[in-house]
Amino acid sequence: MNKKIIEIVDIIDASQVFTELSDTQSGGICVFVGTVREHTKGEEVVSLEFETYKKMALKEMDKIAKEAMEKWKLNKVIIRHAVGFKKVEAPVVVVGASSAHRDACFEACRYLIDTLKETVPIWKKELFKNKTVWVSAHP
Amino acid sequence: MNKKIIEIVDIIDASQVFTELSDTQSGGICVFVGTVREHTKGEEVVSLEFETYKKMALKEMDKIAKEAMEKWKLNKVIIRHAVGFKKVEAPVVVVGASSAHRDACFEACRYLIDTLKETVPIWKKELFKNKTVWVSAHP
Amino acid sequence: MEVLLFGIAKDIVGDSQIQFSETDKVPRSVSELKKMISETYPGFGRLSSLAVAVNSEYAQDDVPLDRNDEIAIIPPVSGG
Amino acid sequence: MEVLLFGIAKDIVGDSQIQFSETDKVPRSVSELKKMISETYPGFGRLSSLAVAVNSEYAQDDVPLDRNDEIAIIPPVSGG
């Protein structure tokens, strides 16, 4: 099994992540799954569309995973992001880490998602009934 | 679906937890899974045995979930602990929460596992090749 | 009066419960119970901590005990 | 020289890339590229931020551009 799983996929199956992060040296696994919410600022979201600059996104995701493995003592790390159209409740991102003790995997997991949101070239368009909005594009 | 899942079970299937915590109002799900590590203080663990005072443990787990739901804006919470003999890599506890924004589910998830370890009447015996040890029993 | 035992408490006593018959001296409070079991079974004195549950809730030392209560010794917990 | 566009940058330009032909004035650095596209497409000036990637790495303003580089406009990211 790889120690580091970095992927951009069409559909995320969150159910497999604990098997992917499991290993004999880990006492804890922390995972964050980002999902599509029905409402944003009070407006009903029909769906989200994710687009990526895949080559660069995979590079940036790999950097984040490496940085986390340098900062904390981790056994395995996963960063998996979905692209395309996503309906309400669908998982769009899964990040996680396993470690001997729980401090490391909790802190690393938070770092993975926070940094991903800042640096990875993935763009989210919110589709409402009457309009579409590229998230965070404007001040 | 229940907003709060509190269970003591013989075998944990971690793969179902994201489905259990998913809902239309949540943008994030944070889950911690505690697993059996092969080594404790350098010694090889053959297996762990978990015992509980079930009636009281369920009450205490329920209190922790309620407290978390008061402290943070959570949509769903799960605390599920396994009992009996557990081999290396087996999941022994799953805690998690879903919320609109990720701060709440991360903080709540950490609170759930930290408080569980302090107050819930569950006891862990480590089985090594030549001895058994009740964890934390002695100073 | 019956006191439930779990984890290392069972190993210390060698049984899954302690019975106080009507003719025994019966503990009237949590603190009395702790004192009595620590005197009879010195192993309790060596634990990191020792708690008592009355009707499946943690009980402070001054909580009185009734023979109809469900009483349990709670050695240091180690779940998770 | 070819510049890849993503997300709102595609909407602003109305295409998935910008072509600079040999006869055009071609940007020689990241800062020149940013200036040129902001002048031609005022929508870029209204974004929260604007980054450029050269060969799939974030590039500072002073990075020179070569026609063989893979160049991309990176509008504010919003993954996760």
Side-chain angles (χ1 to χ4, degrees), chain B residues 6-9 12 32-37 40 48-64 79-84 86 90-96 109-126 131-139, chain C residues 1-20 27 29-31 33-34 37-80:
Chain B
I6 304 294
E7 281 181 358
I8 291 177
V9 297
I12 281 184
F32 174 81
V33 175
T35 52
V36 180
R37 251 192 329 145
T40 293
L48 296 185
E49 184 186 358
F50 287 89
E51 184 183 318
T52 186
Y53 176 14
K54 189 169 182 178
K55 186 206 266 189
M56 180 178 174
L58 289 170
K59 265 197 203 178
E60 292 294 324
M61 286 156 70
D62 196 67
K63 279 182 204 167
I64 296 169
I79 307 179
R80 179 179 285 138
H81 206 295
V83 288
K86 300 295 155 195
V92 299
V93 63
V94 173
V95 299
C109 188
R110 185 68 204 249
Y111 177 82
L112 294 174
I113 187 64
D114 286 358
T115 315
L116 179 148
K117 283 173 176 271
E118 282 170 14
T119 67
V120 178
I122 296 176
W123 298 274
K124 173 164 49 192
K125 187 158 69 173
E126 289 171 338
K131 62 174 177 180
T132 66
V133 176
W134 285 104
V135 177
S136 304
H138 294 107
Chain C
M1 181 180 283
E2 186 180 298
V3 177
L4 305 174
L5 303 171
F6 298 96
I8 197 167
K10 266 194 319 199
D11 292 358
I12 290 170
V13 174
D15 204 339
S16 63
Q17 49 186 38
I18 300 173
Q19 296 279 354
F20 292 94
S29 69
V30 168
S31 60
L33 171 62
K34 285 184 182 175
I37 62 166
S38 298
E39 280 167 8
T40 314
Y41 307 98
F44 284 115
R46 289 191 285 271
L47 297 180
S48 317
S49 67
L50 186 61
V52 169
V54 177
N55 300 321
S56 57
E57 300 275 358
Y58 283 104
Q60 298 298 314
D61 278 355
D62 59 355
V63 169
L65 300 179
D66 182 273
R67 85 176 63 160
N68 297 316
D69 288 332
E70 182 172 304
I71 302 163
I73 301 296
I74 310 292
V77 302
S78 51

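Letters A, B, ... are given to chains in the order of the sequence lines, protein chains preceding strands, and every chain is numbered from 1. The model shown is predicted, which means the values in this text are computed figures rather than measured ones.
- Contacts between B/Val92 and chain C at a heavy-atom distance below 4.5 Å involve the side chain alone, from C-beta outward.
- Contact of B/Glu118 with chain C is made through the backbone alone, with heavy-atom distances under 4.5 Å.
- Between chain C and the options B/Val93, B/Ile113, B/Val135, the largest number of non-hydrogen pairs under 4.5 Å is found for B/Val135.
- In this structure, the portion of B/Thr52 lying under 4.5 Å from any heavy atom of chain C is its backbone and not its side chain.
- The shortest distance between side-chain heavy atoms of B/Tyr111 and B/Ile64 falls below 4.5 Å.
- Contact annotation: the side chain of B/Phe32 never approaches that of B/Val94 to less than 4.5 Å [non-hydrogen atoms, C-beta and beyond].
- Here C/Ser56 contributes atom OG and B/Glu60 contributes atom CD; the two are 8.5 Å apart, rounded to the nearest 0.5 Å.
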Can you give me every donor-acceptor pair (side chain of residues 7-19 of chain C, partner residue at least two apart or in another chain, under 3.5 Å) with its distance?
residue : atom : partner  : partner atom : Å
C/Lys10 : NZ   : B/Glu51  : OE1          : 3.1
C/Lys10 : NZ   : B/Glu51  : OE2          : 3.2
C/Asp11 : OD2  : B/Trp134 : NE1          : 2.7

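- If you measure heavy-atom distances from C/Leu4 to chain B, the contacts under 4.5 Å come from the side chain alone.
- Of the two parts of B/Tyr53, the backbone and the side chain both hold a non-hydrogen atom closer than 4.5 Å to a non-hydrogen atom of chain C.
- When the candidates B/His138, B/His81, B/Lys55 are compared by the number of heavy-atom contacts under 4.5 Å with chain C, B/His138 comes out ahead.
- Across all non-hydrogen atoms, the minimal contact from B/Ala57 to B/Ile122 is CB-CG1, 4.4 Å.
- If you measure heavy-atom distances from B/Lys117 to chain C, the contacts under 4.5 Å come from both the backbone and the side chain.
- Among B/Gly34, B/Pro121, B/Pro139, the residue making the largest number of heavy-atom pairs under 4.5 Å with chain C is B/Pro139.
- By the neighbour-count criterion of 12 heavy atoms within 6.0 Å, atom CD of C/Gln60 is sparsely surrounded, having that number or fewer from other residues, nucleotides or ligands.
- Interface check for chain B: of the options C/Ala51, C/Pro76, C/Ala72, C/Ala53, the most heavy-atom pairs under 4.5 Å are formed by C/Pro76.
- Interatomic distance, C/Ile71 CD1 to C/Leu5 CG, rounded to the nearest 0.5 Å: 11.5 Å.
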